[in-house]
Undergrad: 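Just dropping this structure here.
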Amino acid sequence: MNKSYIKGVHHVAIICSDYKKTKTFYTKILGLEIISENYRQERDSYKLDLQLLDGTQLEIFSFPDRPKRPSYPEAQGLRHLAFLVDSVEEVSRYLKSNMIEVEDIRVDEHTGKKFTFFNDPDNLPLELYEA
């Protein structure tokens with residue numbers, strides 16, 4: 001029998017270009033709770049730990065002069081980050097009311113679940129996926 005030792009996702013890390021703008025987006029608009037926030041002077045870098053309702057954490061880093069993502073969204077590496085929500089329509093309306101562009105809602109042909117995409121302040125592709 002093949003056993004998995006992986007229990008779940010602990011955190012996802014994001015490097016941003018504008019720390020203040022990104023912090024506002026994830027805490028004020030998406031409503032994630034701040035666990036801790038630290039400025040690391042030796043790196044001229046902030047590290048912000050955020051909590052999602054299911055216990056998963058998001059780490060936001062600011063580093064000076066980091067290169068941009070090479071292409072959108074099919075560059076090698078992490079393609080997008082998907083958030084589980086009760087109602088894609090409701091969250092989509094909320095995001096739009098906060099001047100965030102949201103793509104049209106689609107239906108996953110394999111699961112029948114609704115989903116859509118939007119971007120964070122650095123154009124990181126984010127997804128809403130219906131529970």
Side-chain angles (χ1 to χ4, degrees):
M1 177 189 278
N2 193 4
K3 179 182 176 183
S4 175
Y5 294 96
I6 307 297
K7 292 184 174 186
V9 174
H10 180 268
H11 70 269
V12 174
I14 296 171
I15 298 173
C16 68
S17 64
D18 183 327
Y19 180 74
K20 187 175 181 179
K21 188 175 184 180
T22 300
K23 177 183 174 184
T24 297
F25 175 80
Y26 283 98
T27 60
K28 302 296 185 203
I29 295 178
L30 295 187
L32 302 185
E33 179 184 340
I34 295 175
I35 300 169
S36 67
E37 180 177 27
N38 297 288
Y39 179 72
R40 302 173 309 174
Q41 188 167 349
E42 70 282 0
R43 295 176 145 192
D44 189 22
S45 168
Y46 280 95
K47 179 179 184 283
L48 177 66
D49 294 319
L50 303 171
Q51 182 84 44
L52 281 75
L53 293 176
D54 71 353
T56 304
Q57 296 178 21
L58 215 67
E59 292 181 343
I60 307 293
F61 292 93
S62 68
F63 293 109
D65 304 319
R66 292 298 165 183
K68 292 187 180 216
R69 201 177 154 86
S71 71
Y72 176 84
E74 276 76 29
Q76 275 190 329
L78 183 66
R79 183 172 177 166
H80 62 265
L81 174 59
F83 294 111
L84 191 63
V85 298
D86 289 328
S87 170
V88 170
E89 289 98 343
E90 182 179 343
V91 179
S92 179
R93 279 192 304 274
Y94 167 75
L95 292 172
K96 288 176 182 178
S97 76
N98 281 278
M99 307 307 290
I100 296 171
E101 291 185 36
V102 180
E103 292 183 7
D104 292 338
I105 295 172
R106 296 182 261 171
V107 176
D108 186 313
E109 63 185 78
H110 301 290
T111 66
K113 301 286 187 172
K114 294 177 185 174
F115 68 98
T116 189
F117 289 92
F118 64 106
N119 294 319
D120 84 348
D122 284 307
N123 286 322
L124 176 69
L126 303 174
E127 179 181 358
L128 302 175
Y129 196 89
E130 200 156 87

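Because the structure is predicted, anything quoted here is derived from the model rather than measured.
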Undergrad: Apply the test side chain to side chain contact (heavy atoms under 4.5 Å, CB included) to residues Leu128 and Leu95: give CA-CA distance (whole Å), side-chain angles for both, the deciding distance (0.1 Å), then the verdict.
TA: CA-CA 11 Å; Leu128 302 175; Leu95 292 172; 4.0 Å; yes
Undergrad: Please report the shortest heavy-atom distance between Asn119 and Pro125, naming the atom on each side.
TA: OD1-CA, 3.5 Å
Undergrad: With a 4.5 Å limit on heavy-atom distance, are the side chains of Lys47 and Asp49 in contact?
TA: yes
Undergrad: Check whether more than 12 heavy atoms from other residues, nucleotides or ligands sit under 6.0 Å from atom NZ of Lys96, and answer yes or no.
TA: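 Counting other residues, nucleotides and ligands, NZ of Lys96 exceeds 12 neighbours.
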Undergrad: Name the orientation class of the two ring planes belonging to Phe118 and Phe25 (parallel below 30°, tilted from 30 to 60°, perpendicular beyond 60°).
TA: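 Taking Phe25 first and then Phe118, their aromatic rings sit tilted (interplane angle of 30° to 60°).
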Undergrad: Taking the side chain as everything from C-beta on, heavy atoms only, tell me whether Phe83 gets closer than 4.5 Å to Val91.
TA: no
Undergrad: What I'd like to find out is whether the side chain of Ile105 reaches to under 4.5 Å of the side chain of Glu89, using heavy atoms alone.
TA: yes
Undergrad: How close do Lys23 and Thr27 get, counting heavy atoms only, and between which atoms?
TA: O-OG1, 2.6 Å
Undergrad: Hey, what do you get for NZ (Lys21) to SG (Cys16), rounding to the nearest 0.5 Å?
TA: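 These two atoms lie 11.0 Å from each other.
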Undergrad: Show the nearest heavy-atom pair for residues Asp86 and Ala131, with the distance to one decimal.
TA: OD1-CB, 4.3 Å
Undergrad: Looking at NZ of Lys28 and CG of Leu30, how far apart are the two atoms once the value is rounded to the nearest 0.5 Å?
TA: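 The CG atom of Leu30 is 12.5 Å from NZ of Lys28, to the nearest 0.5 Å.
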Undergrad: So among Leu32, Ile35, Thr56, Val12, which one has a side chain to side chain contact (heavy atoms under 4.5 Å, CB included) with Leu50?
TA: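 Among Leu32, Ile35, Thr56, Val12, the one that satisfies the side chain to side chain contact (heavy atoms under 4.5 Å, CB included) with Leu50 is Leu32.
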Undergrad: Name the residue from Tyr129, Phe115, Phe117 that meets the ring-ring contact (aromatic ring centres under 6.0 Å, His included) definition with His80.
TA: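 Exactly one pass, corresponding to Phe117.
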Undergrad: Do Ile34 and Ile15 share a hydrophobic cluster, counting only Ile, Leu, Val, Met, Phe, Trp and Tyr and linking them when any side-chain heavy atoms are less than 4.5 Å apart?
TA: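 Each belongs to a different hydrophobic cluster.
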Undergrad: Mind running side chain to side chain contact (heavy atoms under 4.5 Å, CB included) on Tyr94 and Ile29 for me, showing each step along the way?
TA: CA-CA 9 Å; Tyr94 167 75; Ile29 295 178; 4.1 Å; yes
Undergrad: Can you classify the ring geometry of Phe61 versus Phe63 as parallel (below 30°), tilted (30 to 60°) or perpendicular (above 60°)?
TA: parallel
